[in-house]
Undergrad: 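Attaching a single structure in structure tokens format; questions to follow.
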Amino acid sequence: MKSISISGSARTEVGKKATNALRKEGKVPCCIYGVEKDENGPVTKTFSVTTEALRKLVYTPDIHVVDLTIDGKATKAILKDIQFHPVKDTILHVDFYEITEEKPIVMAVPVKLQGLAEGVRAGGKLVQLQRYLKVKAIYTSIPEFLTVDVTPLALGKSIKVCELSFEGLELVTAKEALVCAVKTTRASQAAAAAAAK
């Protein structure tokens, strides 16, 4: 998994007025859910970062470990959630989740299809139905992407999550979910009809 460094400043004031003031300064209010817990659940810290600092993390299909520094104190985290403005599409708020090398995390990892499917050679069309699969593992074991070999996939056939396995990773996405399929096309039907004559 790629890494990215982001620096932020702790927030002393919270609430609508304070967050609006931050946004006017070109900053994004954020919070990080820590690994430590109290009676209310994970301990959270509020901070802010510049919109510019978040661009390479947010506007990309890649997943990252974030080397997050808040007022000089460093921690490792992953992006948990983003809120966008419904009209302007600007970043309104970002949640991070603190990570350690001991505790497994759940993360959505991009899926890459590899190979030329048999069904495509027969005139079918390969359709990717899952762009990401959720996995559970220690963050150091999570790859940049999951490679799925589609070479043996015949016309009208599909690959389900339950048919896949990746070393060191537990797949959390529903087992019956379709990852990809080779759909029949007019060209493949015509080829099959010609072969049958």
Side-chain angles (χ1 to χ4, degrees), residues 1-6 32-33 35 42 54-68 75-84 89 91 94-196:
M1 207 175 1
K2 293 177 180 176
S3 64
I4 190 169
S5 298
I6 293 176
I32 181 167
Y33 294 87
V35 287
L54 290 169
R55 287 191 189 282
K56 287 182 181 175
L57 175 66
V58 174
Y59 299 109
T60 174
D62 300 327
I63 54 172
H64 294 86
V65 169
V66 182
D67 291 312
L68 192 59
T75 187
K76 287 198 180 292
I78 55 166
L79 186 64
K80 191 171 184 285
D81 192 31
I82 315 166
Q83 288 176 6
F84 291 99
D89 208 33
I91 305 166
V94 178
D95 288 340
F96 291 91
Y97 186 81
E98 187 182 358
I99 55 176
T100 66
E101 288 190 22
E102 294 81 42
K103 192 178 177 186
I105 57 168
V106 173
M107 197 162 191
V109 181
V111 175
K112 259 192 180 177
L113 303 182
Q114 192 174 63
L116 180 62
E118 278 181 29
V120 172
R121 284 183 185 164
K125 184 184 177 185
L126 182 66
V127 181
Q128 187 167 349
L129 301 155
Q130 300 287 334
R131 297 279 166 195
Y132 292 83
L133 290 178
K134 283 188 177 179
V135 303
K136 186 176 183 180
I138 291 160
Y139 84 88
T140 51
S141 299
I142 296 176
E144 283 182 41
F145 51 83
L146 301 169
T147 303
V148 177
D149 182 18
V150 297
T151 311
L153 201 57
L155 200 59
K157 298 296 179 183
S158 59
I159 295 174
K160 291 181 180 179
V161 173
C162 60
E163 296 168 52
L164 301 174
S165 65
F166 302 94
E167 195 177 339
L169 305 176
E170 179 191 335
L171 287 167
V172 182
T173 303
K175 290 189 176 358
E176 290 304 304
L178 294 177
V179 178
C180 59
V182 177
K183 298 264 176 95
T184 306
T185 61
R186 283 183 185 169
S188 64
Q189 286 173 337

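These numbers were taken from a predicted model, which means no experiment stands behind them. Hydrogens, waters and symmetry mates are skipped; everything else that's a heavy atom, side chains included, is used.
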Undergrad: Taking all non-hydrogen atoms of both residues, which atom of D67 and which atom of S3 are closest, and how far apart?
TA: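 Of all heavy-atom pairs spanning D67 and S3, the closest is OD2-CB, 4.0 Å.
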Undergrad: Using the rule given for side-chain contact (heavy atoms from CB on, under 4.5 Å), can you reason through L169 versus L146, listing the C-alpha separation, both sets of side-chain angles and the distance that settles it, and then say yes or no?
TA: CA-CA 10 Å; L169 305 176; L146 301 169; 3.6 Å; yes
Undergrad: OG of S141 to CD of E170: how many Å apart, nearest 0.5 Å?
TA: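 Result: 12.5 Å between the selected atoms.
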Undergrad: Only one of L133, V65, I63 passes side-chain contact (heavy atoms from CB on, under 4.5 Å) with M107; say which it is.
TA: I63
Undergrad: Of I142, V135, I138, which meets side-chain contact (heavy atoms from CB on, under 4.5 Å) against I105?
TA: I142
Undergrad: Q130 side chain to T173 main-chain N or O, any donor-acceptor pair under 3.5 Å?
TA: no
Undergrad: Taking all non-hydrogen atoms of both residues into account, name the closest pair between P61 and P110 and its distance.
TA: O-CG, 3.6 Å
Undergrad: Can you check whether G123's main-chain N or O pairs, donor with acceptor, with T185's side chain at less than 3.5 Å?
TA: yes
Undergrad: Could you pull out the closest heavy-atom pair between F84 and V58, with the gap in Å?
TA: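 Distance-wise, the nearest heavy atoms are CZ-CG1, 3.7 Å.
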Undergrad: State which residues pass side chain to side chain contact (heavy atoms under 4.5 Å, CB included) with T100; sequence neighbours excluded, sorted by chain then number.
TA: V35, E102, K103
Undergrad: Hey, does Y97 have a side-chain heavy atom less than 4.5 Å from the side chain of V106?
TA: no
Undergrad: At what distance, to the nearest 0.5 angstrom, does CD1 of I159 lie from CG of D149?
TA: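 The CG atom of D149 is 7.5 Å from CD1 of I159, to the nearest 0.5 Å.
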Undergrad: Between Y139 and K76, is there a cation-pi geometry (under 6.0 Å to ring centre, at most 45° from the normal)?
TA: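 That pair does not qualify as a cation-pi contact.
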Undergrad: How many angstroms lie between atom CD1 of I32 and atom NZ of K80, to the nearest 0.5 angstrom?
TA: 11.5 Å
Undergrad: Looking at residues at least two apart in the chain, or sitting in another chain, which of them share a side chain to side chain contact (heavy atoms under 4.5 Å, CB included) with E167?
TA: none
Undergrad: Tell me, with the steps shown, if L153 and L126 meet side-chain contact (heavy atoms from CB on, under 4.5 Å).
TA: CA-CA 9 Å; L153 201 57; L126 182 66; 4.1 Å; yes
Undergrad: Does the side chain of L54 come within less than 4.5 Å of I82's, by heavy atoms?
TA: no
Undergrad: Report yes if the side chains of E176 and C162 come closer than 4.5 Å at any heavy-atom pair, otherwise no.
TA: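 Sidechains of C162 and E176: in contact.
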Undergrad: Does any non-hydrogen side-chain atom of I78 lie less than 4.5 Å from one of F96?
TA: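 F96 vs I78: side chains apart.
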Undergrad: Can you tell me how far the CD1 atom of I4 sits from the CE atom of M1, to the nearest 0.5 Å?
TA: 13.0 Å
Undergrad: Taking atom CG of L164 and atom NZ of K175, what is their separation to the nearest 0.5 Å?
TA: 11.0 Å
Undergrad: When rounded to the nearest 0.5 angstrom, what is the spacing between NZ in K157 and NZ in K183?
TA: 15.0 Å
Undergrad: Quick check: closest heavy atoms across G124 and L155, and the distance to 0.1 Å?
TA: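 So the two residues come closest at CA-CD1, 3.4 Å.
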Undergrad: Search all heavy atoms of K160 against all heavy atoms of V179 and return the closest pair with its distance.
TA: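 Closest pair (atom of K160, atom of V179, distance): C-CG2, 4.1 Å.
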Undergrad: Go through the structure and list residues passing side chain to side chain contact (heavy atoms under 4.5 Å, CB included) with L116, not counting sequence neighbours.
TA: V120, R121
